[in-house]
Amino acid sequence: MYPPPPDQDFDGKKNYPNSSAPVFQDAPVTGIAVNQHYYNQNRQYHRQGEEGKWSSGLCHCCSDCGTCCLTCWCPCITFGRIAEIVDQGTISCAAAGAVYGILTWITGCGCLYSCLYRPKIRHQYLLQETPCNDCLVHCCCESCALCQEYNELKNRGFDMSIGWHGNMEKRTGGVAMTAPTAPMYQPPMTR
């Protein structure tokens, strides 16, 4: 239980007409609010549907030297890891990174592909569209945008180097998550 938000009376009933007292929970790993009110990982108070702040600023790309160097020298790896986590394993790091690398090498505009993932991250984790439009952020400052997105996912508890499936195994205690299979069909007996 965390302290009440500043706009709430001490009895806990001001903003909660249908309940006797509020229930506060940490923001879930997915970033989707469980209750109408919750605290995110930075202990900022949010109401359901409100957009929160990024865990690092756009120009704070040098705050994590490893991510900064990886993005500077191999942005296709950074983007591939982001895409795999955001798409929940439906695309591999290698495939997304290869597409990004080929687009960058041929056209010089890999940012046109990577800018498609920024809105996905924002909608998944209820983040603000700052400092400007997602596409402009990637077109004007590609490296900083990739570092910010990478750090956001790291700060949300993902180990970016092991990918989506590795993170899911880690969260389930080492048990591999496999898709359920249909039962085998046995044809009826014939003479």
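Here the structure is a predicted model, which is why all the values come from computation and not from measurement.
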K.L.:
Between atom CD1 of I82 and atom CG of L153, what is the distance when rounded to the nearest 0.5 Å?
P.N.:
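Nearest 0.5 Å value for the CD1-CG distance: 6.5 Å.
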
K.L.:
When you measure from the side chain of T172 to the backbone of E169, do you find a donor-acceptor pair of N or O atoms at a distance under 3.5 Å?
P.N.:
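Here the side-chain-to-backbone pair exists.
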
K.L.:
Give the C-alpha distance, both sets of side-chain angles, the deciding distance and a yes or no for side chain to side chain contact (heavy atoms under 4.5 Å, CB included) between R122 and Q128.
P.N.:
CA-CA 7 Å; R122 284 191 318 94; Q128 297 172 349; over 6 Å; no

K.L.:
First locate atom OG of S114, then atom CG of L116, and finally report the distance between them rounded to the nearest 0.5 Å.
P.N.:
8.0 Å

K.L.:
Got a second to check how far Y150's OH is from M160's CE, nearest 0.5 Å?
P.N.:
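Between atom OH of Y150 and atom CE of M160 there are 5.5 Å.
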
K.L.:
Mind listing the closest non-hydrogen atom pair of G157 and N167 along with its distance?
P.N.:
O-OD1, 4.3 Å

K.L.:
Please say which of L70, T67, T71, N151 ends up in a side-chain contact (heavy atoms from CB on, under 4.5 Å) with L146.
P.N.:
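When L70, T67, T71, N151 are each tested with L146, the side-chain contact (heavy atoms from CB on, under 4.5 Å) holds only for T71.
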
K.L.:
Does anything in residues 90-112 form a ring pair (Phe, Tyr, Trp, His ring centres under 6.0 Å)? List the pairs, not counting sequence neighbours.
P.N.:
F79-Y100

K.L.:
Could you pull out the closest heavy-atom pair between D134 and E129, with the gap in Å?
P.N.:
N-OE2, 3.3 Å

K.L.:
Kindly list each side-chain donor-acceptor pair under 3.5 angstrom involving residues 89-99, sequence neighbours excluded, with atom names and distances?
P.N.:
residue, atom, partner, partner atom, Å
T90, OG1, D87, O, 2.9
S92, OG, A95, N, 3.1

K.L.:
So do R171 and F158 actually touch side chain to side chain, heavy atoms under 4.5 Å?
P.N.:
yes

K.L.:
Once you round to the nearest 0.5 Å, how far does CE of M168 lie from CD of Q88?
P.N.:
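One gets 7.5 Å once the value is rounded to the nearest 0.5 Å.
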
K.L.:
So, taking the atom named CD1 in I85 and the one named NZ in K154, what distance separates them when rounded to the nearest 0.5 Å?
P.N.:
12.5 Å

K.L.:
Could you check whether any side-chain heavy atom of V137 comes within less than 4.5 Å of a side-chain heavy atom of C132, counting everything from C-beta outward?
P.N.:
yes

K.L.:
For the residue pair E142 and C111, what are the closest heavy atoms and their distance?
P.N.:
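Smallest interatomic distance, heavy atoms only, reads OE1-CB, 3.2 Å.
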
K.L.:
Can you give me the closest heavy-atom contact between R81 and S161, atom names plus distance?
P.N.:
CZ-CA, 4.0 Å

K.L.:
Rounded to the nearest 0.5 Å, what separation is found between the SG atom of C115 and the NZ atom of K120?
P.N.:
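Rounded to the nearest 0.5 Å, the SG-NZ separation comes to 11.0 Å.
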
